[in-house]
Amino acid sequence: MIRANWIVFGKICKKDYLRKHSKSASTYGALESLSGINGLTAKPTKYVLCTALTSCAKTLNWHLGIHIHAYMIRSGYEDNLFLSSALVDFYAKCFAIVDARKVFSGMKIHDPVSWTSLINGFSINGQGRDALLLFKKMLCSQIKPNCHTFVSAISACVGQNGALEHCSTLHAHVIKRGYDTNNFVVSSLIACYANWGHIGDAILLFGETSEKDIVVYNSMISGYSQNLYSEDALKLFVEMKKKNLSPTDHTLCTILNACSSLAVLLQGRQVHSLVIKMGSARNVFVANALIDMYSKGGDIDDAQCVLDQTSKKDIVLWTTMIMGYAQCGRGSEALELFDCLLTKQELVPDNITFTAVLTACNHAGFLDKGVEYFNKMTTDYGLSPDIDQYACLIDLYARNGNLSKARALMEEMPHDPNYVIWSSFLSSCKIYGDVELGREAAEQLIKMDPCNAAPYLTLAHIYARKGLWNEVAEMRRLVHQRRIRKSAGWSWVEVD
DNA sequence: CTAGGGTTAG
(Lines give C-alpha, C1' and ligand atoms only; values in the text may rest on other atoms or scores of the structure.)
Protein backbone atom coordinates (compact mmCIF):
# COMPACT_ATOMS: atom_id res chain seq x y z
CA MET A 1 0.00 0.00 0.00
CA ILE A 2 2.84 2.36 0.88
CA ARG A 3 4.52 1.54 -2.38
CA ALA A 4 1.36 2.29 -4.35
CA ASN A 5 0.98 5.67 -2.68
CA TRP A 6 4.56 6.44 -3.47
CA ILE A 7 3.95 5.88 -7.16
CA VAL A 8 0.83 8.06 -7.16
CA PHE A 9 2.70 10.74 -5.25
CA GLY A 10 5.55 10.54 -7.71
CA LYS A 11 3.18 11.29 -10.56
CA ILE A 12 1.69 14.29 -8.82
CA CYS A 13 5.16 15.64 -8.08
CA LYS A 14 6.17 15.20 -11.68
CA LYS A 15 3.19 17.18 -12.92
CA ASP A 16 3.70 19.96 -10.39
CA TYR A 17 7.36 20.07 -11.14
CA LEU A 18 6.79 20.48 -14.85
CA ARG A 19 4.24 23.20 -14.24
CA LYS A 20 6.46 25.14 -11.85
CA HIS A 21 9.67 24.90 -13.81
CA SER A 22 8.51 24.89 -17.39
CA LYS A 23 9.80 28.37 -18.12
CA SER A 24 12.17 30.29 -15.94
CA ALA A 25 14.18 33.39 -16.60
CA SER A 26 17.48 31.70 -17.40
CA THR A 27 15.92 29.91 -20.35
CA TYR A 28 15.32 33.16 -22.16
CA GLY A 29 19.01 33.98 -21.91
CA ALA A 30 19.74 30.68 -23.56
CA LEU A 31 17.18 31.39 -26.25
CA GLU A 32 18.75 34.72 -27.09
CA SER A 33 22.24 33.34 -27.43
CA LEU A 34 20.84 30.66 -29.68
CA SER A 35 19.17 33.08 -32.04
CA GLY A 36 21.42 31.82 -34.80
CA ILE A 37 19.66 28.50 -34.87
CA ASN A 38 16.94 29.53 -37.25
CA GLY A 39 19.19 30.70 -40.00
CA LEU A 40 20.40 34.06 -38.68
CA THR A 41 23.97 35.06 -39.27
CA ALA A 42 25.98 33.65 -36.36
CA LYS A 43 25.90 29.90 -35.97
CA PRO A 44 25.96 28.65 -32.41
CA THR A 45 29.09 26.74 -31.53
CA LYS A 46 28.95 23.29 -29.99
CA TYR A 47 29.93 24.89 -26.68
CA VAL A 48 26.93 27.17 -26.77
CA LEU A 49 24.67 24.29 -27.71
CA CYS A 50 25.97 22.24 -24.83
CA THR A 51 25.42 25.00 -22.28
CA ALA A 52 21.97 25.63 -23.72
CA LEU A 53 21.05 21.95 -23.41
CA THR A 54 22.11 22.01 -19.77
CA SER A 55 19.89 25.00 -19.28
CA CYS A 56 16.99 23.23 -20.98
CA ALA A 57 17.48 20.25 -18.68
CA LYS A 58 17.43 22.49 -15.62
CA THR A 59 14.40 24.53 -16.63
CA LEU A 60 12.57 21.66 -18.36
CA ASN A 61 12.41 23.58 -21.58
CA TRP A 62 11.31 20.72 -23.77
CA HIS A 63 10.65 22.82 -26.83
CA LEU A 64 14.09 24.39 -27.11
CA GLY A 65 15.78 21.11 -26.19
CA ILE A 66 14.31 19.10 -29.05
CA HIS A 67 15.01 22.05 -31.34
CA ILE A 68 18.68 21.82 -30.41
CA HIS A 69 18.62 18.06 -30.97
CA ALA A 70 17.30 18.59 -34.49
CA TYR A 71 19.94 21.24 -35.12
CA MET A 72 22.65 18.87 -33.87
CA ILE A 73 21.61 16.29 -36.46
CA ARG A 74 21.49 18.88 -39.24
CA SER A 75 24.91 20.26 -38.36
CA GLY A 76 26.76 16.99 -37.97
CA TYR A 77 27.23 17.34 -34.23
CA GLU A 78 25.43 14.06 -33.66
CA ASP A 79 28.54 12.14 -32.69
CA ASN A 80 29.90 14.75 -30.29
CA LEU A 81 30.34 13.01 -26.95
CA PHE A 82 29.72 16.11 -24.85
CA LEU A 83 26.60 17.11 -26.73
CA SER A 84 25.17 13.60 -26.72
CA SER A 85 25.73 13.24 -22.99
CA ALA A 86 24.03 16.56 -22.40
CA LEU A 87 21.18 15.35 -24.59
CA VAL A 88 20.78 12.16 -22.55
CA ASP A 89 20.62 14.30 -19.43
CA PHE A 90 18.11 16.67 -21.03
CA TYR A 91 15.69 13.92 -22.06
CA ALA A 92 16.02 12.17 -18.72
CA LYS A 93 15.34 15.33 -16.72
CA CYS A 94 12.27 16.07 -18.88
CA PHE A 95 10.92 12.62 -18.00
CA ALA A 96 11.44 11.32 -21.53
CA ILE A 97 13.51 8.36 -20.41
CA VAL A 98 12.77 6.38 -23.57
CA ASP A 99 14.34 9.13 -25.68
CA ALA A 100 17.27 9.38 -23.29
CA ARG A 101 17.93 5.68 -23.71
CA LYS A 102 17.63 5.96 -27.47
CA VAL A 103 20.25 8.71 -27.61
CA PHE A 104 22.52 6.71 -25.30
CA SER A 105 22.19 3.55 -27.43
CA GLY A 106 22.97 5.51 -30.57
CA MET A 107 26.25 6.83 -29.17
CA LYS A 108 29.39 5.25 -30.65
CA ILE A 109 31.47 5.75 -27.51
CA HIS A 110 30.44 6.27 -23.90
CA ASP A 111 32.15 7.93 -20.98
CA PRO A 112 31.35 8.08 -17.25
CA VAL A 113 29.19 11.15 -17.85
CA SER A 114 26.88 9.54 -20.41
CA TRP A 115 26.51 6.41 -18.26
CA THR A 116 25.81 8.50 -15.17
CA SER A 117 23.28 10.66 -16.98
CA LEU A 118 21.24 7.65 -18.01
CA ILE A 119 21.54 5.91 -14.62
CA ASN A 120 20.42 9.08 -12.91
CA GLY A 121 17.66 9.42 -15.49
CA PHE A 122 16.17 6.06 -14.57
CA SER A 123 16.50 6.95 -10.92
CA ILE A 124 14.65 10.28 -11.13
CA ASN A 125 11.96 8.69 -13.31
CA GLY A 126 11.16 6.26 -10.52
CA GLN A 127 12.80 3.30 -12.27
CA GLY A 128 15.40 2.52 -9.64
CA ARG A 129 15.55 -1.11 -10.72
CA ASP A 130 16.54 -0.18 -14.25
CA ALA A 131 19.06 2.30 -12.90
CA LEU A 132 20.74 -0.45 -10.86
CA LEU A 133 20.67 -2.90 -13.79
CA LEU A 134 22.35 -0.29 -15.94
CA PHE A 135 24.95 0.30 -13.24
CA LYS A 136 25.71 -3.44 -13.29
CA LYS A 137 26.11 -3.28 -17.06
CA MET A 138 28.48 -0.38 -16.63
CA LEU A 139 30.66 -2.41 -14.27
CA CYS A 140 31.10 -4.96 -17.07
CA SER A 141 32.09 -2.26 -19.55
CA GLN A 142 35.43 -0.55 -20.05
CA ILE A 143 34.22 2.61 -18.34
CA LYS A 144 34.71 2.81 -14.59
CA PRO A 145 32.12 4.50 -12.39
CA ASN A 146 33.19 7.61 -10.48
CA CYS A 147 31.71 9.54 -7.53
CA HIS A 148 28.92 11.00 -9.65
CA THR A 149 27.91 7.52 -10.81
CA PHE A 150 27.82 6.17 -7.28
CA VAL A 151 25.65 9.03 -6.07
CA SER A 152 23.11 8.30 -8.81
CA ALA A 153 23.17 4.55 -8.20
CA ILE A 154 22.78 4.98 -4.44
CA SER A 155 19.90 7.43 -4.89
CA ALA A 156 18.21 4.81 -7.08
CA CYS A 157 17.99 2.54 -4.02
CA VAL A 158 15.71 4.94 -2.18
CA GLY A 159 12.09 3.84 -2.37
CA GLN A 160 12.99 0.84 -4.52
CA ASN A 161 11.68 -2.40 -3.11
CA GLY A 162 14.43 -4.69 -1.87
CA ALA A 163 17.17 -2.26 -2.78
CA LEU A 164 18.67 -1.99 0.70
CA GLU A 165 21.04 -4.87 -0.12
CA HIS A 166 22.19 -3.05 -3.23
CA CYS A 167 22.84 0.00 -1.11
CA SER A 168 25.16 -2.00 1.16
CA THR A 169 26.94 -3.49 -1.84
CA LEU A 170 27.39 -0.04 -3.33
CA HIS A 171 28.74 1.13 0.02
CA ALA A 172 31.35 -1.65 -0.13
CA HIS A 173 32.39 -0.56 -3.62
CA VAL A 174 32.58 3.02 -2.38
CA ILE A 175 34.96 2.08 0.41
CA LYS A 176 37.08 -0.06 -1.90
CA ARG A 177 37.55 2.83 -4.28
CA GLY A 178 38.16 5.37 -1.53
CA TYR A 179 35.09 7.45 -2.36
CA ASP A 180 33.93 7.36 1.26
CA THR A 181 35.45 10.77 1.92
CA ASN A 182 33.30 12.40 -0.74
CA ASN A 183 30.45 14.31 0.89
CA PHE A 184 28.10 13.82 -2.06
CA VAL A 185 28.49 10.05 -1.78
CA VAL A 186 28.25 10.09 2.01
CA SER A 187 25.06 12.15 2.11
CA SER A 188 23.32 9.92 -0.42
CA LEU A 189 24.35 6.80 1.54
CA ILE A 190 23.07 8.28 4.80
CA ALA A 191 19.77 9.20 3.15
CA CYS A 192 19.43 5.71 1.73
CA TYR A 193 20.15 3.91 5.00
CA ALA A 194 17.77 6.24 6.85
CA ASN A 195 15.11 5.66 4.22
CA TRP A 196 15.27 1.92 4.94
CA GLY A 197 15.12 2.45 8.69
CA HIS A 198 18.76 1.42 9.13
CA ILE A 199 19.49 4.43 11.23
CA GLY A 200 22.36 2.58 12.95
CA ASP A 201 24.30 2.26 9.69
CA ALA A 202 23.60 5.90 8.92
CA ILE A 203 24.93 6.98 12.33
CA LEU A 204 28.04 4.82 11.94
CA LEU A 205 28.84 6.30 8.55
CA PHE A 206 28.12 9.82 9.78
CA GLY A 207 30.50 9.31 12.71
CA GLU A 208 33.29 7.98 10.48
CA THR A 209 33.12 10.94 8.13
CA SER A 210 35.44 13.84 8.85
CA GLU A 211 35.00 17.26 7.28
CA LYS A 212 31.23 16.90 6.99
CA ASP A 213 29.48 19.69 5.16
CA ILE A 214 26.00 21.12 5.72
CA VAL A 215 24.26 18.66 3.41
CA VAL A 216 25.73 15.65 5.22
CA TYR A 217 24.39 17.16 8.46
CA ASN A 218 21.02 17.77 6.82
CA SER A 219 20.88 14.15 5.65
CA MET A 220 21.57 12.87 9.12
CA ILE A 221 19.15 15.28 10.81
CA SER A 222 16.34 14.36 8.43
CA GLY A 223 17.26 10.68 8.80
CA TYR A 224 16.76 10.97 12.55
CA SER A 225 13.53 12.86 12.01
CA GLN A 226 12.15 10.34 9.48
CA ASN A 227 12.81 7.49 11.89
CA LEU A 228 11.13 9.35 14.74
CA TYR A 229 14.36 10.03 16.61
CA SER A 230 13.30 13.65 16.81
CA GLU A 231 15.27 14.39 19.98
CA ASP A 232 18.45 13.20 18.28
CA ALA A 233 17.61 15.40 15.32
CA LEU A 234 17.43 18.41 17.65
CA LYS A 235 20.68 17.44 19.40
CA LEU A 236 22.52 17.10 16.12
CA PHE A 237 21.17 20.46 15.03
CA VAL A 238 22.69 22.06 18.13
CA GLU A 239 25.98 20.24 17.54
CA MET A 240 26.00 21.45 13.95
CA LYS A 241 25.59 25.04 15.02
CA LYS A 242 28.46 24.66 17.50
CA LYS A 243 30.65 23.63 14.57
CA ASN A 244 29.80 26.98 12.98
CA LEU A 245 27.99 25.43 10.06
CA SER A 246 25.15 27.74 9.24
CA PRO A 247 21.77 26.07 8.64
CA THR A 248 20.10 26.29 5.25
CA ASP A 249 16.38 26.54 4.60
CA HIS A 250 16.40 22.75 4.23
CA THR A 251 17.82 22.41 7.72
CA LEU A 252 15.21 24.71 9.17
CA CYS A 253 12.37 22.80 7.51
CA THR A 254 13.65 19.47 8.76
CA ILE A 255 14.21 20.69 12.28
CA LEU A 256 10.78 22.32 12.40
CA ASN A 257 9.26 19.01 11.28
CA ALA A 258 11.06 17.34 14.15
CA CYS A 259 9.60 19.95 16.51
CA SER A 260 6.14 19.25 15.04
CA SER A 261 6.30 15.55 15.70
CA LEU A 262 7.58 16.14 19.22
CA ALA A 263 5.01 18.91 19.71
CA VAL A 264 7.69 20.95 21.47
CA LEU A 265 6.73 24.58 21.27
CA LEU A 266 9.70 25.93 23.22
CA GLN A 267 12.33 24.61 20.80
CA GLY A 268 10.05 25.43 17.90
CA ARG A 269 9.92 29.06 18.97
CA GLN A 270 13.70 29.16 19.21
CA VAL A 271 13.97 27.86 15.66
CA HIS A 272 11.40 30.45 14.63
CA SER A 273 13.59 33.26 15.93
CA LEU A 274 16.49 31.78 14.02
CA VAL A 275 14.30 31.69 10.91
CA ILE A 276 13.60 35.39 11.30
CA LYS A 277 17.26 36.19 11.94
CA MET A 278 18.26 34.35 8.78
CA GLY A 279 15.56 35.93 6.69
CA SER A 280 14.14 32.52 5.81
CA ALA A 281 10.57 33.40 6.71
CA ARG A 282 9.94 34.31 3.09
CA ASN A 283 10.63 30.75 2.01
CA VAL A 284 7.22 29.10 1.68
CA PHE A 285 8.60 25.71 2.69
CA VAL A 286 9.89 27.19 5.92
CA ALA A 287 6.70 29.18 6.52
CA ASN A 288 4.68 26.05 5.99
CA ALA A 289 6.82 24.09 8.43
CA LEU A 290 6.35 26.90 10.99
CA ILE A 291 2.55 26.84 10.64
CA ASP A 292 2.56 23.07 10.97
CA MET A 293 4.85 23.24 14.01
CA TYR A 294 2.61 25.75 15.83
CA SER A 295 -0.56 23.82 14.90
CA LYS A 296 0.78 20.49 16.11
CA GLY A 297 2.26 22.15 19.18
CA GLY A 298 -1.20 23.38 20.10
CA ASP A 299 -0.72 27.09 19.49
CA ILE A 300 -3.07 27.66 16.61
CA ASP A 301 -3.07 31.44 17.12
CA ASP A 302 0.67 31.69 16.53
CA ALA A 303 0.21 29.50 13.48
CA GLN A 304 -2.32 32.05 12.22
CA CYS A 305 0.20 34.85 12.96
CA VAL A 306 2.78 33.16 10.74
CA LEU A 307 0.23 32.85 7.96
CA ASP A 308 -0.73 36.53 8.33
CA GLN A 309 2.89 37.62 8.22
CA THR A 310 3.78 35.61 5.14
CA SER A 311 3.42 37.95 2.20
CA LYS A 312 3.49 35.43 -0.61
CA LYS A 313 0.96 32.87 0.52
CA ASP A 314 0.34 29.84 -1.60
CA ILE A 315 -2.37 27.20 -1.47
CA VAL A 316 -0.22 24.84 0.62
CA LEU A 317 0.07 27.41 3.44
CA TRP A 318 -3.68 27.93 3.52
CA THR A 319 -4.26 24.20 3.47
CA THR A 320 -1.89 23.59 6.37
CA MET A 321 -3.64 26.29 8.34
CA ILE A 322 -7.13 24.91 7.57
CA MET A 323 -5.92 21.45 8.57
CA GLY A 324 -4.50 22.95 11.77
CA TYR A 325 -7.89 24.32 12.76
CA ALA A 326 -9.60 21.08 11.70
CA GLN A 327 -7.35 18.89 13.80
CA CYS A 328 -7.59 20.93 16.97
CA GLY A 329 -11.37 20.73 16.81
CA ARG A 330 -12.05 24.28 15.65
CA GLY A 331 -14.01 23.19 12.62
CA SER A 332 -16.00 26.40 12.21
CA GLU A 333 -12.87 28.50 12.07
CA ALA A 334 -11.39 26.12 9.52
CA LEU A 335 -14.41 26.64 7.30
CA GLU A 336 -14.36 30.41 7.84
CA LEU A 337 -10.75 30.46 6.71
CA PHE A 338 -11.65 28.41 3.66
CA ASP A 339 -14.48 30.78 2.75
CA CYS A 340 -12.08 33.70 3.19
CA LEU A 341 -9.69 31.98 0.78
CA LEU A 342 -12.48 31.57 -1.76
CA THR A 343 -13.59 35.21 -1.61
CA LYS A 344 -10.05 36.39 -2.40
CA GLN A 345 -10.12 34.39 -5.62
CA GLU A 346 -6.35 34.58 -5.97
CA LEU A 347 -5.67 30.97 -5.22
CA VAL A 348 -7.50 27.89 -6.33
CA PRO A 349 -8.10 25.11 -3.82
CA ASP A 350 -6.88 21.66 -4.80
CA ASN A 351 -7.72 18.15 -3.65
CA ILE A 352 -5.68 18.36 -0.48
CA THR A 353 -7.37 21.63 0.47
CA PHE A 354 -10.67 19.80 0.25
CA THR A 355 -9.30 16.98 2.40
CA ALA A 356 -8.61 19.62 5.07
CA VAL A 357 -12.07 21.15 4.65
CA LEU A 358 -13.79 17.77 4.83
CA THR A 359 -11.70 16.83 7.86
CA ALA A 360 -12.97 20.01 9.52
CA CYS A 361 -16.57 19.07 8.70
CA ASN A 362 -15.90 15.58 10.00
CA HIS A 363 -14.46 16.72 13.33
CA ALA A 364 -17.27 19.23 13.81
CA GLY A 365 -19.99 16.82 12.66
CA PHE A 366 -21.22 19.06 9.82
CA LEU A 367 -22.68 16.38 7.57
CA ASP A 368 -24.65 18.64 5.22
CA LYS A 369 -21.82 21.12 4.80
CA GLY A 370 -19.41 18.27 4.12
CA VAL A 371 -21.58 16.90 1.36
CA GLU A 372 -21.97 20.40 -0.06
CA TYR A 373 -18.19 21.00 -0.17
CA PHE A 374 -17.60 17.56 -1.63
CA ASN A 375 -19.98 18.33 -4.51
CA LYS A 376 -18.47 21.81 -4.96
CA MET A 377 -15.14 20.16 -5.67
CA THR A 378 -16.42 18.82 -8.96
CA THR A 379 -19.01 21.41 -9.92
CA ASP A 380 -17.16 24.62 -9.04
CA TYR A 381 -13.51 23.62 -9.33
CA GLY A 382 -13.49 20.78 -11.84
CA LEU A 383 -11.52 18.54 -9.49
CA SER A 384 -12.09 14.83 -9.38
CA PRO A 385 -12.15 13.61 -5.79
CA ASP A 386 -9.42 11.11 -5.01
CA ILE A 387 -9.57 8.37 -2.43
CA ASP A 388 -8.72 10.68 0.49
CA GLN A 389 -11.71 12.95 -0.05
CA TYR A 390 -13.97 9.93 -0.50
CA ALA A 391 -12.56 8.58 2.76
CA CYS A 392 -13.58 11.81 4.55
CA LEU A 393 -17.08 11.72 3.10
CA ILE A 394 -17.58 8.04 3.89
CA ASP A 395 -16.38 8.63 7.43
CA LEU A 396 -18.66 11.65 7.72
CA TYR A 397 -21.73 9.57 6.84
CA ALA A 398 -20.66 6.66 9.01
CA ARG A 399 -19.95 8.78 12.08
CA ASN A 400 -23.38 10.31 11.70
CA GLY A 401 -24.90 6.85 11.83
CA ASN A 402 -25.72 6.53 8.15
CA LEU A 403 -23.76 3.31 7.74
CA SER A 404 -25.62 2.05 4.69
CA LYS A 405 -25.01 5.30 2.79
CA ALA A 406 -21.33 5.09 3.74
CA ARG A 407 -21.15 1.49 2.56
CA ALA A 408 -22.91 2.41 -0.72
CA LEU A 409 -20.36 5.19 -1.34
CA MET A 410 -17.53 2.70 -0.94
CA GLU A 411 -19.17 0.70 -3.70
CA GLU A 412 -19.91 3.69 -5.95
CA MET A 413 -16.58 5.47 -5.78
CA PRO A 414 -14.04 4.80 -8.53
CA HIS A 415 -11.41 3.59 -6.04
CA ASP A 416 -10.98 0.41 -4.02
CA PRO A 417 -11.56 1.15 -0.32
CA ASN A 418 -8.21 1.12 1.49
CA TYR A 419 -7.22 0.08 4.99
CA VAL A 420 -7.93 3.49 6.51
CA ILE A 421 -11.47 3.56 5.07
CA TRP A 422 -12.39 0.08 6.28
CA SER A 423 -10.84 0.76 9.62
CA SER A 424 -12.74 3.99 10.32
CA PHE A 425 -15.89 2.33 8.98
CA LEU A 426 -15.41 -0.52 11.45
CA SER A 427 -15.14 1.98 14.32
CA SER A 428 -18.47 3.46 13.30
CA CYS A 429 -20.00 -0.02 13.08
CA LYS A 430 -18.80 -0.53 16.65
CA ILE A 431 -20.36 2.73 17.83
CA TYR A 432 -23.70 1.91 16.21
CA GLY A 433 -23.54 -1.83 16.96
CA ASP A 434 -23.95 -3.03 13.37
CA VAL A 435 -22.99 -6.71 13.34
CA GLU A 436 -23.37 -7.40 9.62
CA LEU A 437 -21.42 -4.42 8.28
CA GLY A 438 -18.93 -4.71 11.14
CA ARG A 439 -18.22 -8.31 10.22
CA GLU A 440 -17.66 -7.38 6.59
CA ALA A 441 -15.30 -4.54 7.51
CA ALA A 442 -13.32 -6.73 9.90
CA GLU A 443 -13.02 -9.47 7.27
CA GLN A 444 -11.67 -6.99 4.74
CA LEU A 445 -9.15 -5.63 7.23
CA ILE A 446 -8.00 -9.11 8.23
CA LYS A 447 -7.53 -9.98 4.58
CA MET A 448 -5.40 -6.85 4.07
CA ASP A 449 -3.27 -7.29 7.18
CA PRO A 450 -3.70 -10.72 8.79
CA CYS A 451 -1.28 -10.01 11.64
CA ASN A 452 -3.09 -7.03 13.12
CA ALA A 453 -5.20 -7.92 16.14
CA ALA A 454 -7.30 -4.74 16.12
CA PRO A 455 -10.14 -5.84 13.77
CA TYR A 456 -10.54 -9.15 15.66
CA LEU A 457 -10.82 -7.20 18.88
CA THR A 458 -13.32 -4.67 17.54
CA LEU A 459 -15.50 -7.33 15.94
CA ALA A 460 -15.44 -9.38 19.15
CA HIS A 461 -16.55 -6.25 20.97
CA ILE A 462 -19.48 -5.76 18.58
CA TYR A 463 -20.50 -9.42 19.05
CA ALA A 464 -20.22 -9.15 22.82
CA ARG A 465 -22.45 -6.09 22.96
CA LYS A 466 -25.14 -8.11 21.18
CA GLY A 467 -24.59 -11.09 23.46
CA LEU A 468 -23.25 -13.24 20.62
CA TRP A 469 -20.87 -15.19 22.85
CA ASN A 470 -20.29 -18.07 20.42
CA GLU A 471 -18.97 -15.58 17.88
CA VAL A 472 -16.76 -13.98 20.51
CA ALA A 473 -15.31 -17.41 21.25
CA GLU A 474 -14.76 -17.99 17.54
CA MET A 475 -12.76 -14.77 17.32
CA ARG A 476 -10.65 -15.86 20.27
CA ARG A 477 -10.04 -19.23 18.62
CA LEU A 478 -8.96 -17.58 15.36
CA VAL A 479 -6.51 -15.26 17.08
CA HIS A 480 -5.05 -18.17 18.99
CA GLN A 481 -4.87 -20.40 15.92
CA ARG A 482 -3.31 -17.70 13.76
CA ARG A 483 -0.83 -16.78 16.52
CA ILE A 484 -1.64 -13.11 16.34
CA ARG A 485 0.40 -11.08 18.73
CA LYS A 486 -1.65 -9.17 21.26
CA SER A 487 -0.33 -5.90 22.55
CA ALA A 488 -0.41 -4.84 26.18
CA GLY A 489 -3.81 -3.97 27.59
CA TRP A 490 -5.49 -6.07 24.96
CA SER A 491 -8.67 -7.76 26.18
CA TRP A 492 -11.60 -9.54 24.64
CA VAL A 493 -14.34 -7.29 25.82
CA GLU A 494 -13.48 -3.68 26.47
CA VAL A 495 -14.90 -1.88 29.44
CA ASP A 496 -16.34 1.43 28.30
C1' DC B 1 31.10 22.67 -23.26
C1' DT B 2 28.35 17.15 -20.52
C1' DA B 3 26.77 13.88 -15.03
C1' DG B 4 26.19 13.85 -8.53
C1' DG B 5 24.04 14.89 -2.29
C1' DG B 6 19.67 16.86 1.61
C1' DT B 7 12.33 17.78 3.21
C1' DT B 8 10.71 19.20 -2.28
C1' DA B 9 5.65 21.13 1.80
C1' DG B 10 -0.53 20.04 3.08
Side-chain angles (χ1 to χ4, degrees), chain A residues 9-10 12-13 16-17 20-21 44-55 57 77 80-90 92-93 107 110-121 123-124 145-156 158 179 182-192 194-195 212-223 225-226 233 247-258 260 283-292 295 314-324 326-327 349-357 359 388:
Chain A
F9 188 61
I12 293 167
C13 284
D16 285 351
Y17 193 78
K20 275 184 201 159
H21 295 76
T45 63
K46 53 190 172 184
Y47 307 108
V48 169
L49 291 173
C50 198
T51 311
L53 266 180
T54 311
S55 169
Y77 284 139
N80 181 294
L81 178 62
F82 281 60
L83 280 173
S84 299
S85 298
L87 205 51
V88 172
D89 185 53
F90 160 74
K93 295 249 167 79
M107 290 169 71
H110 294 124
D111 69 349
V113 180
S114 51
W115 279 100
T116 304
S117 296
L118 193 60
I119 291 169
N120 189 47
S123 174
I124 60 180
N146 61 20
C147 285
H148 292 255
T149 323
F150 275 102
V151 169
S152 296
I154 293 162
S155 302
V158 175
Y179 292 154
N182 179 297
N183 274 337
F184 284 81
V185 175
V186 169
S187 60
S188 62
L189 275 170
I190 289 175
C192 189
N195 171 259
K212 299 181 271 273
D213 69 5
I214 183 68
V215 181
V216 172
Y217 269 93
N218 285 350
S219 283
M220 193 65 236
I221 291 172
S222 92
S225 189
Q226 273 174 44
T248 62
D249 289 352
H250 284 188
T251 325
L252 296 171
C253 283
T254 311
I255 212 68
L256 285 168
N257 288 338
S260 297
N283 178 316
V284 278
F285 288 84
V286 175
N288 187 58
L290 277 171
I291 293 172
D292 195 48
S295 301
D314 67 2
I315 192 65
V316 178
L317 289 192
W318 284 90
T319 304
T320 307
M321 192 67 235
I322 293 168
M323 193 61 107
Q327 285 173 339
D350 62 14
N351 283 46
I352 306 178
T353 315
F354 278 99
T355 302
V357 170
T359 305
D388 290 332

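Letters A, B, ... mirror the listed sequences (proteins, then strands); counts begin at 1.
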Whole-Å distance separating the [atom1] atom of [X] from the [atom2] atom of [N]:
{"X": "A:Leu118", "N": "B:dG4", "atom1": "CG", "atom2": "C1'", "result": "15 Å"}
{"X": "A:Leu317", "N": "B:dT8", "atom1": "CG", "atom2": "P", "result": "16 Å"}
{"X": "A:Asn146", "N": "B:dT2", "atom1": "CG", "atom2": "P", "result": "14 Å"}
{"X": "A:Trp318", "N": "B:dG10", "atom1": "CH2", "atom2": "C1'", "result": "15 Å"}
{"X": "A:Asn120", "N": "B:dA3", "atom1": "CG", "atom2": "C1'", "result": "7 Å"}
{"X": "A:Ile190", "N": "B:dG4", "atom1": "CD1", "atom2": "C1'", "result": "15 Å"}
{"X": "A:Lys46", "N": "B:dT2", "atom1": "NZ", "atom2": "C1'", "result": "13 Å"}
{"X": "A:Asn257", "N": "B:dG10", "atom1": "CG", "atom2": "C1'", "result": "11 Å"}

Closest to the [X] side chain: [options]?
{"X": "A:Ser188", "options": "B:dA3, B:dG5, B:dC1", "value": "B:dG5"}
{"X": "A:Asp89", "options": "B:dC1, B:dG5, B:dA3", "value": "B:dA3"}
{"X": "A:Phe82", "options": "B:dT2, B:dG5, B:dA3", "value": "B:dT2"}
{"X": "A:Cys147", "options": "B:dA3, B:dG4, B:dG10", "value": "B:dG4"}
{"X": "A:Val216", "options": "B:dG5, B:dT2, B:dG10", "value": "B:dG5"}
{"X": "A:Thr54", "options": "B:dG10, B:dT2, B:dT8", "value": "B:dT2"}

Just by distance, do the side chain of [X] and the backbone of [Y] share a donor-acceptor pair under 3.5 Å?
{"X": "A:Asp314", "Y": "A:Leu317", "value": "yes"}
{"X": "A:Thr359", "Y": "A:Thr355", "value": "yes"}
{"X": "A:Ser55", "Y": "A:Thr51", "value": "no"}

Counting any heavy atom closer than 4.0 Å, what does [X] reach on the DNA or RNA strands: base, sugar-phosphate only, or nothing?
{"X": "A:Thr353", "answer": "base"}
{"X": "A:Ser225", "answer": "nothing"}
{"X": "A:Asn183", "answer": "base"}
{"X": "A:Val286", "answer": "nothing"}
{"X": "A:Asp314", "answer": "base"}
{"X": "A:Val284", "answer": "base"}
{"X": "A:Ser117", "answer": "sugar-phosphate"}
{"X": "A:Ile154", "answer": "nothing"}

Please tell me whether [X] and [Y] have a donor and an acceptor in their side chains that are separated by less than 3.5 angstrom.
{"X": "A:Ser114", "Y": "A:Asp111", "answer": "yes"}
{"X": "A:Thr320", "Y": "A:Asn288", "answer": "yes"}
{"X": "A:Thr116", "Y": "A:Thr149", "answer": "yes"}
{"X": "A:Thr353", "Y": "A:Thr319", "answer": "yes"}

Any donor-acceptor pair under 3.5 Å between the side chain of [X] and the base of [N]?
{"X": "A:Asn182", "N": "B:dG5", "value": "no"}
{"X": "A:Asp350", "N": "B:dG10", "value": "yes"}
{"X": "A:Thr319", "N": "B:dG10", "value": "yes"}
{"X": "A:Ser187", "N": "B:dG5", "value": "yes"}
{"X": "A:Asp292", "N": "B:dG10", "value": "no"}

| Counting only side-chain N and O atoms of A:Lys93, is one of them less than 4.0 Å from OP1 or OP2 of B:dT2? |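 No, A:Lys93 has no side-chain N/O under 4.0 Å of OP1/OP2 on B:dT2.
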Under 5.5 Å between ring centres and under 30° between planes: does that hold for A:Tyr47 against the base of B:dC1?
-> no
